Amino acid sequence: MERRVKAMRSFLLAVLVLGGLPWQSGCERKPAAPGSSAAAPAPSRMNAPAAPTPASETAGIAYEDRAEALGVRFQHTDGSSGRYFVLETLASGVCLFDYNEDGRLDLYFPNGRMLPPGAKPAGTVIGAHPSNVLFRQNPGGTFTEATQEAGVPGTLFGVGACAGDYDGDGHLDLFVTQYGTNLLYRNNGNGAFIDVTEKAGLKGQEVIFGAGAVFFDYDLDGDLDLYVTNYCKVDFEKDLPFFNNNIPGYRAPEQYTAVPDFLYRNDGDGTFTDVSAASGIRAPEPGRGMGVIATDLDGDRWPDLYVANDGSENFLFMNLGNGAFKEIGLTAGVALDLNGDEQGSMGVDAADFNGDGRLDIVVTNYQKQTNALYRQGSNGFYTDVGMESQMATRSLPLVAWGTKFFDYDNDGILDLFIANGHLEDHIEQYDQSSTYKQQNQLLRGLGNGKFDDLSDRSGPGLKIVKSSRGAAFGDLDNDGDTDIVILNSRDQPDVLINQGGNRNHWIGLELIGKRDRFAFGARAILHAGGNKQIQEVRSSGSYISQNDLRLLFGLGQLTAIEKIDILWPDRTQETVTGVPIDRYSKIRQGEGMVKS
């Protein structure tokens, strides 16, 4: 409480005396990035978005679960020990990436293991010898399991995953968080991976409970660094169930000791150095880290970090540009709920949902807590408009996990998806306000800062009731609209194919950087119809998951755009014109569009 009071006092001082938040005071001037121009302009404020396509015109756009038909057959396990170990609650995310570079997105599912670690199944047990699973997409759109041939089964209890080219060889590598030592799989470029965790210097001495992870270039030196969230200390002997009216369940997160996160600096030679303490990441009291995103929130072209913590304050680490970060979550208004209480936060995403040119933050939370939508103001302070925007009106009975802003109907206005599912499998027996299996949500952006819940009007895929966790978003069938892959705890995954979202016009982009082939951290600003849209290339998001690296913009009925401004990770900027609609185009840094 004392820390919270002090933080609020510092916020009031920043607003009343300095006229802005601490990072805007000029007291901590950030140096120019390597090889950059100090005059590189920040993006201008956006115009308000045009009126959305009428609801009558979006009728018939439906999501259909085609997992079985496409060959995505996989049984997830969370350990299901019956002893209610905390590990079971977090599992698992999903990674959507093109690992073999054939132009088709592939799927990777982390999976749990028998608990406690090393336990042997008694007799015949379904899922007794689980593995992480990789599905390779075939030319016809179906999927074939390729786990063993690719060499990525995982080694321990799998939680989350993200992709990034850590060694700069032009191939996407795979990072997997686990209980124990996390995994770094290096992509050999021949359809197979090799475990380089120890060689890369990522094999620690302590047993950790990794959850979220993100590749990003925090020091702008041209190679990808790595941030990893950790959840808590685990003691399988002392981790006993909580009983409510003699019904067993999981203990509250506050009863587990939080452990600090890690920041690893890429040394450019295939190895990493732990700079967690030196960078300021270890400055705040540790939280029980879950989802994480890396993005430039204050427009200074240095990537910042937002971390969702379970049962403790969320973190906003502002990049000071000198190798260090400053945690300002409380003073910025994104650490707690409207009542000043800590939340059980899981998933996170950032986007300009209201078209004002500033990135806003969505955070998914636990039952009896509203999901948060932090709208960024002109002074850098955030206001939770979850209820005001109507995106949180149904969230109280739900436990929310994976999430993302995206344009499901390509009308040029961002929509929002939220994956739901309780972790207490007996919740109905002592709390009739909720259920274990829950419906996911599709919230349509109306263009006026509000959302309309279309979950019951968007096809059979949105009427599925399971206990969902991670969700990843991308154009699986390359038809110009966004599909959704959902990891369901103790169940089969859903592969929700968007049927009809491409009726409106669209533009797809694949950005190719000079120093980083995949241009992680690049931002594209599309100008069309007098309005502007922002999209970014990111390594991680949602809930401990990985989304499509391509950028997809909806245009509604527009048949042409004015231009696209590309802000590259090295802080250079270029403008591209003549980009065709209703197709994917490649833009190479310094060269413009790549002719097919």
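Side chains included, hydrogens not; waters and symmetry mates left out as well; all remaining heavy atoms used. Bear in mind that the values here come from a model prediction, so they are computed numbers and not experimental data.
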(request) Report yes or no: does Asn504 contribute a side-chain atom to a donor-acceptor pair with the main-chain N or O of Asp409 at less than 3.5 Å? (result) yes
(message) So, using ring-ring contact (aromatic ring centres under 6.0 Å, His included) as the criterion, who are the partners of Phe175 when residues are at least two apart?
(response) none
(request) Would you please name every residue forming a side chain to side chain donor-acceptor pair (under 3.5 Å) with Arg186, sequence neighbours left out? (result) Asp167, Asp169, Asn188
(message) Run the ring-ring contact (aromatic ring centres under 6.0 Å, His included) test against Tyr227 and tell me which residues pass, sequence neighbours left out.
(response) none
(request) Flag the pair Arg538 and Asp349 as a salt bridge only when some basic side-chain nitrogen lies within less than 4.0 angstrom of an acidic carboxylate oxygen. (result) yes
(message) Which residues pass the salt bridge (Lys or Arg N to Asp or Glu O under 4.0 Å) test with Asp516, not counting sequence neighbours?
(response) none
(request) Would you please test Phe272 and Leu184 for side chain to side chain contact (heavy atoms under 4.5 Å, CB included) and show each step? (result) CA-CA 11 Å; Phe272 292 84; Leu184 177 60; 4.1 Å; yes
(request) For atom NZ of Lys437, decide whether the heavy atoms of other residues, nucleotides or ligands shown that lie under 6.0 angstrom number more than 12. (result) no
(message) Donor-acceptor pair, distance only, cut-off 3.5 Å: does the side chain of Gln438 make one with the backbone of Val399?
(response) yes
(request) For the residue pair Gln439 and Asp456, confirm or rule out a side-chain donor-acceptor distance under 3.5 Å. (result) yes
(request) Would you please test Arg444 and Asp411 for salt bridge (Lys or Arg N to Asp or Glu O under 4.0 Å) and show each step? (result) CA-CA 10 Å; Arg444 182 172 185 252; Asp411 67 349; 3.5 Å; yes
(message) Donor-acceptor check, side chain of Asn266 to backbone of Gly270, threshold 3.5 angstrom: yes or no?
(response) no
(message) Please check this pair: side chain of Asn319 against backbone of Trp302, looking for a donor-acceptor N/O pair closer than 3.5 Å.
(response) no
(request) Ignoring hydrogens and angles, state whether a donor on the side chain of Glu88 or Ser80 is under 3.5 Å from an acceptor on the partner side chain. (result) no
(request) Looking only at non-hydrogen atoms, find the nearest pair between Gln589 and Asp570 and report the distance. (result) NE2-OD2, 3.0 Å
(request) Please identify each residue that fulfils salt bridge (Lys or Arg N to Asp or Glu O under 4.0 Å) with Glu101, with sequence neighbours left out. (result) none
(request) Heavy atoms only: give me the nearest Val159-Ala211 pair and the separation to one decimal. (result) CG1-CA, 3.9 Å
(request) With sequence neighbours excluded, tell me which residues meet side chain to side chain donor-acceptor pair (under 3.5 Å) with Asn547. (result) none
(request) Taking Gln499 for its side chain and Ile61 for its backbone only, find out whether a donor-acceptor pair lies under 3.5 Å. (result) no
(message) Tell me whether the rings of Tyr543 and Trp401 are parallel (<30°), tilted (30 to 60°) or perpendicular (>60°).
(response) perpendicular
(message) Quick test of your reading of the model: are Glu64 and Arg66 salt-bridged, counting only N-O distances below 4.0 Å?
(response) no
(message) My understanding is that only residues two or more places apart in sequence, or in another chain, count here; which of them pass side chain to side chain contact (heavy atoms under 4.5 Å, CB included) with Ala146?
(response) Tyr99, Leu134, Arg136, Glu149
(message) Applying the side chain to side chain contact (heavy atoms under 4.5 Å, CB included) criterion to Leu555, which one of Asn410, Leu526, Asp407 satisfies it?
(response) Leu526
(request) Drop me the distance from Thr89's OG1 to Leu423's CG, to the nearest 0.5 angstrom. (result) 5.5 Å
(request) Determine yes or no for a side-chain-to-main-chain donor-acceptor pair under 3.5 angstrom, with Thr77 supplying the side chain and Gly79 the backbone. (result) yes
(message) Suppose the criterion is ring-ring contact (aromatic ring centres under 6.0 Å, His included): which pairs have a residue in residues 467-519, not counting sequence neighbours?
(response) Phe406-Phe473, Phe417-Phe473, Trp506-Tyr584
(request) Kindly write out the residues that satisfy salt bridge (Lys or Arg N to Asp or Glu O under 4.0 Å) with Asp479, not counting sequence neighbours, or none if the list is empty. (result) none
(message) Please check this pair: side chain of Glu562 against backbone of Ala528, looking for a donor-acceptor N/O pair closer than 3.5 Å.
(response) yes
(request) Scan side-chain atoms only and decide if Asn182 and Thr177 contain a donor-acceptor pair under the 3.5 Å cut-off. (result) no
(message) Checking the side chain of Arg73 only, and the main-chain atoms of Glu68 only, is there a donor and an acceptor separated by less than 3.5 Å?
(response) yes
(message) Give me the atom names and distance for the closest heavy-atom approach of Ile581 to Thr559.
(response) CD1-O, 3.5 Å
(message) Does anything in residues 137-161 form a ring-ring contact (aromatic ring centres under 6.0 Å, His included)? List the pairs, not counting sequence neighbours.
(response) none
(request) State which residue, out of Arg550, Arg588, Arg517, fulfils the salt bridge (charged side-chain N to carboxylate O under 4.0 Å, His left out) condition with Glu510. (result) Arg517
(message) If you apply the rule side chain to side chain contact (heavy atoms under 4.5 Å, CB included), what do you find for Asn187 with Phe193, and how did you get there?
(response) CA-CA 5 Å; Asn187 190 332; Phe193 295 77; 3.6 Å; yes
(request) Answer yes or no: is there an ion pair linking Arg523 with Asp565, defined by an N-O contact shorter than 4.0 Å? (result) no
(message) For Phe216, give me all partners under ring-ring contact (aromatic ring centres under 6.0 Å, His included), at least two apart in sequence or on another chain.
(response) none
(request) Look at the side chain of Asp494 and the backbone N and O of Ile464, then say whether any donor-acceptor pair between them is shorter than 3.5 Å. (result) no
(message) Could you check whether Asn371 and Thr364, counting side-chain N and O atoms only, form a donor-acceptor pair closer than 3.5 Å?
(response) no
(request) Give the minimum heavy-atom separation between Asn498 and Tyr408, together with the two atoms involved. (result) ND2-O, 3.0 Å
(message) Quick check: closest heavy atoms across Val537 and Leu511, and the distance to 0.1 Å?
(response) CG2-CD1, 4.0 Å
(request) Output yes when Arg490 and Asp78 qualify as a salt bridge under the 4.0 Å nitrogen-oxygen rule, no when they do not. (result) yes
(request) Before accepting this row, confirm whether a basic side-chain N of the pair Arg104/Asp106 lies closer than 4.0 Å to the acidic partner's carboxylate O. (result) no
(message) Treating Asp98 as the side-chain partner and Gly103 as the backbone partner, does any N or O pair qualify as donor plus acceptor under 3.5 Å?
(response) yes
(message) Between Thr482 and Asp475, is the side chain to side chain contact (heavy atoms under 4.5 Å, CB included) condition met? List the steps.
(response) CA-CA 5 Å; Thr482 302; Asp475 189 359; over 6 Å; no
(request) For residues Asn111 and Pro130, report the shortest heavy-atom separation together with the two atoms involved. (result) ND2-CB, 3.4 Å
(request) I would like to know whether Thr229 and Asp261 meet side-chain hydrogen bond (donor to acceptor under 3.5 Å, both in side chains); could you show each step before the answer? (result) CA-CA 5 Å; Thr229 69; Asp261 298 341; 5.1 Å; no
(request) For Phe209, enumerate each residue passing the ring-ring contact (aromatic ring centres under 6.0 Å, His included) test, keeping only those at least two apart in sequence or located in another chain. (result) Tyr231
(message) Ignoring hydrogens and geometry beyond distance, is a side-chain donor-acceptor pair present between Trp568 and Glu574 at under 3.5 Å?
(response) yes
